[in-house]
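I have placed the structure first, in the form of structure tokens, so that the comments after it can refer back to it.
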Protein chains: 2
Amino acid sequence: MRIGELSERSGLSRDAIRFYEKTGLVESHRSPNGYREFGADAVPWLAYVRTAQRLGFSLAEIAAHGAELREAPDSAAALSALFAEKLAVVDAKMAELASLREELAERAGAGCPLSPDPLRSTFGGRPI
Amino acid sequence: MRIGELSERSGLSRDAIRFYEKTGLVESHRSPNGYREFGADAVPWLAYVRTAQRLGFSLAEIAAHGAELREAPDSAAALSALFAEKLAVVDAKMAELASLREELAERAGAGCPLSPDPLRSTFGGRPI
DNA sequence: GTAAACGGTGGAGTGCACTCCAGGGTCAAG
DNA sequence: CTTGACCCTGGAGTGCACTCCACCGTTTAC
């Protein structure tokens, strides 16, 4: 598929896709006329990129992950290790998010009294 | 406390703190000599800011949340609503992260067969 | 054959979140 | 009274992640 179709299907701008290609986040080969040609894989891959990005991973990190995937010896064991590693990163983020959530949940619960300065009562105890 | 101490205690640079103050992320009053004076609350608040930031919230969003907290009518009901709202945002992020995690966990599990192109097998089915 | 739709490149510009000066005032210790 | 640690402001610069633009070639439809 060419860049226009990928743009529509991924919801990313053409410029963004070209930028991603330049930074190694997505691959393409070129038609004889010089047009980029993307595989069908590009669509879910870009969706993954967006999700990971929204969750606070930089494009560099995501690109590194993609490169590792591509370069990994194609053995189940090696790939399992790779994914386990990423899993740990995601789990760490989830834990952070959980503690943030907890802090908020405490406040949202049945009318807890609040001091004149909400911050004091909210974050004065255990720092998040 | 002055900016140097807050910098040490929060792990943020003086410049970053001054920048945060300029954008309304943290408040201070001034000593007669013009020095910024921060309350003890600033330390846990800045820790919260950093955590939220790492999790993909922009400084503008965090500042808005802080402002809402400060401006909220000091009634338990209003604040509960405020926190419940933030809670929903955090929960949405957790859900995204969970689906990312699931995708990774599937791969990391006992040797699942992989096609020549790992991406196809990883993301070819349901886009994340 | 020409117009519209699509593609290419290079480079400038944008917004965010800082970082790094330069130039200068404040304050406690020696 | 000077030295050093600390603070101020304003402005320039940086890295990331794009976005916009001008100018040009290609392909498709009429």
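Quick note on labels: first sequence line is chain A, next is B, and so on, each numbered from 1. Keep in mind that what you see is a predicted model, and the values were worked out from it rather than measured.
Minimum heavy-atom separation, B:G24 to B:A63: O-CB, 4.4 Å.
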| Protein-to-nucleotide contact annotation, 5' to 3' order, nucleotides 4-13 of chain C [B base; S sugar-phosphate only; - none; under 4.0 Å, heavy atom] | --BSSB----
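Side-chain atoms of B:W45 never come within 3.5 Å of backbone atoms of B:G66 as a donor-acceptor pair (strictly under, hydrogens ignored). Looking at A:E37, its side chain never comes within 3.5 Å of a backbone N or O of A:H29 through a donor-acceptor pair. Between the side chain of B:S31 and the backbone N or O of B:G34, no donor-acceptor pair lies under 3.5 Å.
Under the side-chain hydrogen bond (donor to acceptor under 3.5 Å, both in side chains) criterion, B:S28 pairs with B:E21, not counting sequence neighbours. For B:R54, the side-chain hydrogen bond (donor to acceptor under 3.5 Å, both in side chains) criterion is met by A:E96, not counting sequence neighbours. Residues satisfying the side-chain hydrogen bond (donor to acceptor under 3.5 Å, both in side chains) test with B:R50, not counting sequence neighbours, are B:Y20.
Using a 4.0 Å heavy-atom criterion, one finds that B:S13 contacts the sugar-phosphate atoms exclusively.
Counting to the nearest Å, the C1' atom of D:dC6 and the CD1 atom of B:I17 are 14 Å from each other.
Counting only residues at least two apart or on different chains, the side-chain hydrogen bond (donor to acceptor under 3.5 Å, both in side chains) pairs with a member in residues 3-17 of chain A are A:E5-A:R9.
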Under-3.5 Å N/O pairs linking protein and nucleotides 15-17 of chain D:
{"unit_1": "D:dA17", "atom_1": "OP1", "unit_2": "A:L59", "atom_2": "N", "d": "2.8"}

